[in-house]
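Quick notes on the structure that follows.
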Amino acid sequence: MNDDGLRWCEMLPATLIAKKRDGLVLSDSEIRFLIEGFVAGDVTDYQMSALAMAILLKGMTADEVAALTLAMRDSGERLPRGSGDLPRVDKHSTGGLGDKVSLVLAPLLACHDVHVPMISGRGLGLSGGTLDKLEAIPGFRVQLQPEERDRCLRETGFVMIGASEKIAPADRRLYAIRDVTATVESVALITASILSKKLAANLDALIMDVKVGGGAFMKTTDQAKELADSIVKTARLAGMPTRALITDMDQPLGHAVGNAIEVNESLELLDGGGPSEVRALTIELSAEVLHLVGRFDSLAIARQALRESLDSGAARERFDRMVVAQGGTLRGPLPLAGSAVIESTNSGFVSRIDCEALGRVVVEMGGGRRTAADAIDPSVGAAIHVRVGDHVATGQKLLTVYARDHLDDWATSLRSVVTLSDSGLAANSIILNRIAEDGTCT
């Protein structure tokens, strides 16, 4: 018998898959049985595919999602903690076009007596990955030995690495299945995937950036709110205080889209400049998580301290030390491919920037992946010189495209990315909603 009073003969994968298929609730021990069996090879890929589809169609309760998350966390190792360690925090974004916040946020947080063990991912599709951006820096290593990882975290306050095969291996295997079985969209599975890795990092607090709009995975506010609620609630049940911001992605975040070009823009931000909306969002996310672990008594005080760390160069100094510690060489802006400028052929107000079209062209130029095996050219990308609501004069620069070849062709394909209209349109605020650690929304 197991803890739920079931006979072990009833703990068969097919029986449990049928239970979820019929909309019933799986117990903690049943979920753990499936995840442990999956990692051990006793539950097959096709059985886990069937379970994932049943979860997508029937959903999971909050307790089920928490049990799934913890079982996936426990499928591998956890980052070690010492008794005298500083509070450990992190940020996770659901991904969006031009989202380079992590490169600025991690060293910025490290200036304020916290440790940031940031386990990041690679880009697939339109959203660029933090690891791909970092690897645009010559020599930079995203896979470190445990002793190297711990030394970098101890000496610089943060480390930016990829997940090893020993961190939440159940998530790695399950995600590969979801990607080819049309089950990526399950909120329960997204939640467990994100939080299993963050819990394995032994965090004291997490801030989530859930993006919504044309350049994001979540296209509607309702979808983004559902995911943010699920993550905050599940994290609370798992004992990790978490807040979430729902942020606008109906236009690229900042000017730069691509790998090397986004690193260059991040360096501008670390030097106290850069696009105002990226700076504001980075400060807001950082203030929320520092307030959550008690580093500051109010968000207002946290924001001011974070601004000072950017403007003084303290965050840039941390970033430079981390690059050296992880094998990189950074002597200035990273080189970009050849460029062509796209100018407006008429005047008007920017009413739309087509994120999907822009992201697709950058991928086609070699700046992203269609499949996980694709190589990336870090030097290609685009710079967007306008934002929604701006007035544009005839002949004004709209975009600059950076490509290895066929520049005129790429410029032609990007010419329709920016739509102008006769009347002005106010852009969305960058922050649309806030969800506190208790689940309340403001």
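In this structure, CG in Leu336 is found 5.5 Å from CG in Asn264, a value given to the nearest 0.5 Å. Rounding to the nearest 0.5 angstrom, the gap separating the CD atom in Gln223 from the CZ atom in Phe217 is 8.5 Å. The OG atom of Ser102 sits 9.0 Å away from the NE2 atom of His92 when rounded to the nearest 0.5 Å. A distance of 9.0 Å separates CZ of Arg81 from CG of Leu86, quoted to the nearest 0.5 Å. For the atom pair CD of Glu185 and CE of Met218, the computed distance is 8.5 Å after rounding to the nearest 0.5 Å.
Not counting sequence neighbours, the partners of Phe349 by the ring pair (Phe, Tyr, Trp, His ring centres under 6.0 Å) test are His391. Considering only residues two or more places apart in sequence or on other chains, Glu64 meets the side chain to side chain contact (heavy atoms under 4.5 Å, CB included) condition with Lys20, Val25, Leu26, Ile31, Met60, Thr61. Applying the side chain to side chain contact (heavy atoms under 4.5 Å, CB included) test to Ser120 and every residue at least two apart in sequence or in another chain returns Met118, Thr130, Leu131.
For residues 310-323, the side chain to side chain donor-acceptor pair (under 3.5 Å) pairs, not counting sequence neighbours, are Asp271-Arg316, Arg279-Asp311, Arg316-Asp320, Glu317-Arg321. Applying the side chain to side chain donor-acceptor pair (under 3.5 Å) definition to pairs two or more places apart or across chains, those involving residues 104-115 are His112-Ser309. Residue pairs that meet the salt bridge (Lys or Arg N to Asp or Glu O under 4.0 Å) test with at least one member in residues 243-266, sequence neighbours left out, are Lys100-Glu265, Lys133-Glu262, Arg243-Glu288, Arg243-Glu437.
When all heavy atoms of Ile384 and Pro252 are compared, the pair lying nearest together is CD1-CG, 4.1 Å. The shortest heavy-atom contact between Leu310 and Val104 is CD2-CG1, 3.9 Å. Summarising the geometry of Pro80 relative to Asp150, their closest heavy-atom pair is CG-OD2, 4.0 Å, with the distance given to 0.1 Å. The shortest heavy-atom contact between Ala182 and Leu56 is O-CD2, 3.6 Å. Here the shortest heavy-atom pairing between Val380 and Ala337 reads CG1-CB, 4.3 Å. Contact between Val114 and Leu290 at its shortest, heavy atoms only, is CG1-CD2, 3.9 Å.
At least one donor-acceptor pair under 3.5 Å links the side chain of Ser186 to the backbone N or O of Leu189. The main-chain N or O of Ile283 is never found under 3.5 Å from a side-chain atom of Arg303 such that the two would form a donor-acceptor pair. Counting only distance, with no hydrogens or angles, the side chain of Asn259 and the backbone of Gly367 share a donor-acceptor pair below 3.5 Å. Checked by atom type and distance alone, the side chain of Thr282 pairs as donor or acceptor with a backbone atom of Val278 at under 3.5 Å.
At least one side-chain heavy atom of Leu253 sits less than 4.5 Å from a side-chain heavy atom of Lys211. The side-chain heavy atoms of Val289 and Leu109, taken from C-beta on, include a pair separated by under 4.5 Å.
A side-chain donor from one of Ser93 and Asp99 sits under 3.5 Å from a side-chain acceptor of the other. Thr234 and Thr191 are not linked by any side-chain donor-acceptor pair at a separation below 3.5 angstrom, with hydrogens and angles left out of the test. For the 3.5 Å distance criterion, the side chains of Ser379 and Asp377 qualify, holding a donor opposite an acceptor. For the 3.5 Å distance criterion, the side chains of Asp209 and Thr247 qualify, holding a donor opposite an acceptor. A donor-acceptor contact closer than 3.5 angstrom links the side chains of Thr183 and Thr181.
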For the pair Arg434 and Glu284, evaluate side chain to side chain contact (heavy atoms under 4.5 Å, CB included) and give the outcome as yes or no after the intermediate values. CA-CA 11 Å; Arg434 299 172 188 265; Glu284 206 62 32; 2.9 Å; yes
Worked check of side chain to side chain contact (heavy atoms under 4.5 Å, CB included) between Met240 and Lys198: CA-CA 9 Å; Met240 182 174 65; Lys198 298 303 179 184; 4.1 Å; yes
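Salt bridge Asp229/Lys225: present, at least one basic N to carboxylate O contact under 4.0 Å.
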